[in-house]
Amino acid sequence: MSLTFHWFLPTNGDSRHVVGGGHGTPATASGRDRPPTVAYLSQIARAAEEVGFAGALTPTGAWCEDAWLTTAMVSRHTERLKFLVAFRPGLISPTLAAQMASTFQRQTGGRLLLNVVTGGENQEQRAFGDFLDKDSRYRRTGEFLQVVRELWQGGTVDLDGEHLRVRGATLARVPDPVPQVYFAGSSPIAGEIAARHADVYLTWGEPPDQVAEKLDRIRSLAAAEGRTLRFGIRLHVITRDTAEQAWAEANRLLDGFDPETVASVQAGLARSESEGQRRMLALHGGGSRERLEIHPNLWAGIGLVRGGVGTALVGSHDEVAERIKEYQALGIEEFILSGYPHLEEAYWFGEGVLPRLAAQGLWRHPAGKEAAPTTPTEPAVLAPFAS
């Protein structure tokens, strides 16, 4: 089995420092260091494509640029890279979303993947006009995906649901291929919806024992629906030629965290209704800078200033490769990674870790290229475009 790796497009801005934000908290000032212009995001996308990432996740929310529009523009500057577009089903008609996905597939040659984000923050959802509670949002997501999948199969859809109603919905042209649906959520109802509708279930980067417990639960739910899911994990990464260099970089990032910013971000994240966010906060004790290595080479420091995934794989290329194999042993097949700054870190991982996995038969370049040699080397980094 060949593992699949995706990178991340920082549409909230990029920096040599951690850019905070997400889950109801605004992007931090560091996001202005490298604004998310199409030129810069395209440079990241081309770097990811060259070193061997299969796709790139683009986030959704009030704190970042719109994922659909941004990826449509960036796709023109890439050839093979797929785009894992995050979107919130409560903010768009299922028929329109199915049509947009179909158009995206045709115009990009089948390079769309969909990350369905139900939304865990009431305040942010209400800003977009969505006043349902969390469980109701998940039930609506289930109805949404039911309509979208039937449309993609070429059917005509009538639905009188609890939250959605459509009459005579149909697509003039169905997508080919049908986009894969990626879905995350740690609450009980999120697991139920994932089991019925997802192709890939995603978890944030928790220690392996916690990930194993979650995956076992989702497998059981999917089996009860007569389905089998693939599994992926979302992590940051800091990988260098030596462990000392990697941890020095992690400590440099940590030294850049302003205590007032940490306190403000943690106070905002503590109000989150997201079960996944609650689990992330628990990993670092709600803002503590002590004992941030919560498992060998798994560092919870990012979560001090960033909502969503707050953990990073930190270590030498060999150590990071070993941690990836540890997650693979649990059933993880897809890894969605990121790092600050995203241009440079794409090269560090692509030139340092991927060749080691290729040498062990665990990964191959999506374009069939030979992996780079595994001898220590500085990453080939291009200067960012002027914004």
Side-chain angles (χ1 to χ4, degrees), residues 6-36 41 44 56-65 67 84 86 115 117 119-121 123-124 184 186 202-207 233-238 249-289 292-294 298-314 335-346:
H6 306 279
W7 198 236
F8 183 83
L9 294 183
T11 57
N12 59 328
D14 202 9
S15 176
R16 294 183 182 275
H17 303 282
V18 175
V19 180
H23 274 261
T25 62
T28 51
S30 55
R32 295 191 290 269
D33 294 350
R34 296 186 188 178
L41 294 174
I44 295 172
L57 171 66
T58 309
T60 185
W63 56 293
C64 58
E65 299 288 353
L84 180 51
N115 179 201
V117 180
E121 316 308 329
Q123 181 178 356
E124 188 174 19
S186 297
L202 297 175
T203 180
W204 285 336
E206 299 177 0
I233 193 167
R234 174 79 178 92
L235 288 155
H236 302 284
V237 64
I238 304 171
E249 176 63 11
N251 288 325
R252 185 192 69 80
L253 293 175
L254 185 63
D255 289 343
F257 295 173
D258 175 66
E260 292 184 2
T261 299
V262 172
S264 175
V265 170
Q266 291 303 303
L269 295 178
R271 295 190 291 268
S272 173
E273 288 190 321
S274 166
E275 176 64 14
Q277 185 62 71
R278 184 196 65 77
R279 293 167 69 109
M280 282 286 107
L281 292 179
L283 295 178
H284 58 65
S288 172
R289 293 172 180 248
L292 289 174
E293 189 177 8
I294 56 176
L298 184 64
W299 184 62
I302 303 292
L304 295 177
V305 295
R306 187 191 192 280
V309 60
T311 51
L313 296 178
V314 181
F335 293 78
I336 303 174
L337 306 175
S338 54
Y340 298 98
H342 289 75
L343 178 63
E344 286 90 329
E345 289 297 336

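For the numbers below, each heavy atom of this structure counts, side chains included, while hydrogens, waters and symmetry mates do not. Predicted model only: the values in this text are computed from it and were never measured.
Arg306 and Thr28 share no side-chain donor-acceptor pair at under 3.5 Å.
Looking at heavy atoms from C-beta onward, Arg234 lies out of side-chain contact with Phe335 at the 4.5 angstrom threshold. Under the 4.5 Å side-chain criterion, counting only non-hydrogen atoms from C-beta, Glu345 is not in contact with Ser338. Looking at heavy atoms from C-beta onward, Val309 lies in side-chain contact with Thr311 at the 4.5 angstrom threshold. Proximity of Leu235 to Ile336: side-chain heavy atoms (C-beta onward) are nowhere separated by under 4.5 Å. Taking the side chain as every heavy atom from C-beta outward, Leu298 and Leu313 approach each other to under 4.5 Å. For the pair Pro341 and Ile44, the minimum side-chain heavy-atom distance is 4.5 Å or more. Between Trp299 and Leu254 there is a side-chain heavy-atom pair separated by less than 4.5 Å. Using a 4.5 Å heavy-atom cutoff, the side chains of Val18 and Phe257 are in contact.
Note on residues 249-266: pairs passing salt bridge (charged side-chain N to carboxylate O under 4.0 Å, His left out), not counting sequence neighbours, are Glu249-Arg252. Sorted by first and then second residue, the pairs that involve residues 7-20 and meet salt bridge (charged side-chain N to carboxylate O under 4.0 Å, His left out), not counting sequence neighbours, are Arg16-Glu344. Residue pairs meeting the salt bridge (charged side-chain N to carboxylate O under 4.0 Å, His left out) criterion with at least one partner in residues 261-270, sequence neighbours excluded, do not occur; the list is empty.
The distance from the NE2 atom of His6 to the CG atom of Leu57 is 9.0 Å, given to the nearest 0.5 Å. The distance from the CG atom of Asn115 to the CG atom of Leu84 is 5.0 Å, given to the nearest 0.5 Å. We find the CG-NE2 distance between Asp33 and His17 to be 6.5 Å, quoted to the nearest 0.5 Å. The OH atom of Tyr340 sits 5.0 Å away from the NE2 atom of His236 when rounded to the nearest 0.5 Å.
With hydrogens and angles ignored, the 3.5 Å screen pairs a side-chain donor or acceptor of Gln266 with a backbone N or O of Leu304. Proximity of a side-chain donor or acceptor of Glu65 to a complementary backbone N or O of Asn12 within less than 3.5 Å is not detected. At least one donor-acceptor pair under 3.5 Å links the side chain of Gln277 to the backbone N or O of Gly308.
Shortest non-hydrogen contact noted between Ser274 and Ser272 is N-OG, 3.0 Å. Closest approach of Pro36 to Pro10, counting heavy atoms only: CB-O, 3.6 Å. Across all non-hydrogen atoms, the minimal contact from Gly303 to Leu269 is O-CD1, 4.3 Å. Nearest approach of Leu292 to Gly301, heavy atoms of both residues: CD1-CA, 4.0 Å. Counting all heavy atoms, side chain and backbone alike, Ala67 lies closest to Ala86 at CB-O, 3.5 Å.
Open room surrounds CD on Gln123; 12 or fewer heavy atoms of other groups in view lie less than 6.0 Å from it.
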Steps toward side-chain hydrogen bond (donor to acceptor under 3.5 Å, both in side chains) verdict (Arg278, Ser186): CA-CA 10 Å; Arg278 184 196 65 77; Ser186 297; over 6 Å; no
Full working for side chain to side chain contact (heavy atoms under 4.5 Å, CB included) between Val237 and Trp7: CA-CA 10 Å; Val237 64; Trp7 198 236; 4.0 Å; yes
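In this structure, the ring of His342 has its center less than 6.0 angstrom from the ring center of Phe8.
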